[in-house]
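Values below: all heavy atoms of this structure, side chains included; hydrogens, waters and symmetry mates excluded.
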Amino acid sequence: MASVLLAAGALAGAGPAAAQEAPQHRGGAAATLDGLKTYDKAVLRMEDGDQQIPAGLFEMAVDGGGTLKTYCVDVHRPTQEQAKYLETSWDQTSLGANRDAGKIRWILEHSYPQVNDLSVLAKRAGVDSLTEQTAAAGTQVAIWRYSDHVKVDALDPKAEKLADFLEKNARGAAEPRASLTLEPSAVSGKAGGRLGPVTVRTNADRVTVAPPADAASGVKVVGKDGKPVTTAVNGGELYFDVPADAADGSTALTVQATTSVPVGRAFAGATRSQTQILAGSSESTVSAAASATWAKKGAIPALSAEKNCAKGGVDITAANQGDEPFTFGLMGGEHTVPAGQSRTVTVPVQEDQAYDFTIEGPGGLTKNFKGILDCETSGAPGAAAGPGTGTLDQPGNRPAPATAGEAPLAADGPDLAETGSSDATPMILGIAVVFVVLGIAAVLFVRKKQPASDDE
């Protein structure tokens with residue numbers, strides 16, 4: 001029987017670092033946030049008062065090379081410094097349940113930086129001119145009106161006119177396809193045959209195929225014709241060719257390409273950092289991986305995981321290509337997948353919750369799944385507040401707008417004390433309060449014990 005190791009700390013409140021170690025990724029670009037680069041100011045209208053916030057374009061550095069420009073789609077949640085981001089589908093984020101997600105993509109396609117002739121953009125908005133900063137601010141404001149459904153205005157009148165123009169004219173557009181994925185991400189079967197197919201989905205002209213690292217196993221990556229392959233195209237089918245005498249085991253292949261990531265792709269933080277949506281991409285490195293498990297007999301499971309925002313959890317899928325049932329324990333229950341069948345079990349996870357669990361199978365198979373469930377904007381009803389609650393007026397390293405109810409953004413100067421805020425902040429503050437109270441009590445006790453002076 002396989003076992004699932006559900007660390008109490010992981011599902012009950014693991015820190016972002018745990019999820020960042022090996023987050024779930026279906027493929028595409030992985031990048032590191034480099035900060036807010038092109039921006040102006042906006043005013044967020046809230047019940048307890050107006051708040052001035054930065055609004056504009058972020059930049060990310062792509063792993064392996066490349067640069068991305070993004071806007072934020074979660075106005076109340078701050079970014080985390082140097083946060084890791086992964087390209088993902090809309091249904092893995094707050095965009096999946098947002099009826100206006102398609103309008104956000106339209107705005108991206110019809111505004112800065114996709115329209116980089118600012119005179120043309122200004123004419124469309126009905127103003128005499130726009131700067132890069134005001135164009136970025138106006139675009140971000142229009143996006144927030146659809147991503148968070150909040151009352152927000154650009155501080156600059158020209159940027160506000162652009163925001164109004166974009167909001168009024170936005171039309172629904174389809175979600176863009178991923179830059180690179182492999183479907184499915186896990187296969188299994190008996191040794192002595194070809195396992196697959198694994199289909200390449202990409203907007204690149206061609207991808208390179210890296211063979212399994214454990215060459216000693218004798219497993220090769222081949223095409224539909226059975227010949228070894230080193231490259232593939234969109235729609236191409238890849239197979240793991242496993243020798244009949246191969247010991248029971250598992251391996252993985254990786255595909256990589258250099259391409260422009262499609263505008264409108266979502267980028268989810270591997271930590272609790274506000275979700276971003278792509279506004280522009282240089283030629284960037286994208287990659288994806290798929291695993292294979294084989295055995296001579298018995299249960300032979302292929303295990304994969306995917307966030308399920310609609311059900312508020314993580315779907316664990318086990319496909320058993322063996323000749324015996326595969327049984328595994330999950331969240332206190334036992335699940336059996338008959339030979340030749342597949343089953344998906346949803347693990348409930350709270351919004352903004354880190355998860356970290358491992359499934360063990362026959363032949364030493366171990367699959368670990370980590371990540372954070374971030375399916376709602378932090379201002380949505382019932383959504384948890386973000387861990388970082390400060391704004392940071394420091395170009396290149398600024399979280400976007402703070403959680404509602406805080407002091408307005410300072411006009412000048414960085415608030416360095418807010419940098420790198422985390423889930424430990426409430427506990428630290430609580431400890432500090434306790435020490436202050438104990439200190440006051442000690443002073444009063446000492447004064448009471450001391451004899452009165454002649455002047456008292």
Tell me, with the steps shown, if Q51 and R45 meet side-chain contact (heavy atoms from CB on, under 4.5 Å). CA-CA 7 Å; Q51 183 181 7; R45 313 292 184 184; over 6 Å; no

Show the numbers, then the answer: is there a side-chain hydrogen bond (donor to acceptor under 3.5 Å, both in side chains) between N368 and D356? CA-CA 7 Å; N368 177 251; D356 180 353; 3.1 Å; yes

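- Put simply, CG on N234 and CG on N203 are 8.5 Å apart, with the number rounded to the nearest 0.5 Å.
- No side-chain donor-acceptor contact under 3.5 Å links D315 and T344.
- Here the side chain of Q140 pairs a donor or acceptor atom with the backbone of C72 at under 3.5 angstrom.
- Between the R194 side chain and the K224 main chain, a donor and an acceptor come within less than 3.5 Å of each other.
- By the 6.0 Å contact criterion, CG on D205 is open, its count of non-hydrogen atoms from other residues, nucleotides or ligands being 12 or less.
- With T271 contributing its side chain and A83 its backbone, the two residues share no donor-acceptor pair below 3.5 Å.
- Rounded to the nearest 0.5 angstrom, E87 CD and S284 OG are separated by 9.5 Å.
- The main-chain N or O of L33 is never found under 3.5 Å from a side-chain atom of Y85 such that the two would form a donor-acceptor pair.
- Between the side chains of S378 and D74, at least one donor N or O lies within less than 3.5 Å of an accepting N or O.
- T79 and S273 form no side-chain donor-acceptor contact under 3.5 Å, judged by distance and modelled atom types alone.
- Between R145 and the choices I107, V152, L166, the side-chain contact (heavy atoms from CB on, under 4.5 Å) rule is met once, by V152.
- Here the straight-line distance linking atom CD of Q133 with atom NZ of K158 works out to 13.0 Å at 0.5 Å rounding.
- The number of heavy-atom neighbours closer than 6.0 Å to CD of Q350, taken from other residues, nucleotides and ligands shown, is 12 or below.
- Distance check: E283 CD to S260 OG gives 6.0 Å after rounding to the nearest 0.5 Å.
- Between the CG atom of N320 and the CD1 atom of I300 there is a distance of 7.5 Å, given to the nearest 0.5 Å.
- Rounding to the nearest 0.5 angstrom, the gap separating the CH2 atom in W144 from the NE2 atom in H149 is 15.0 Å.
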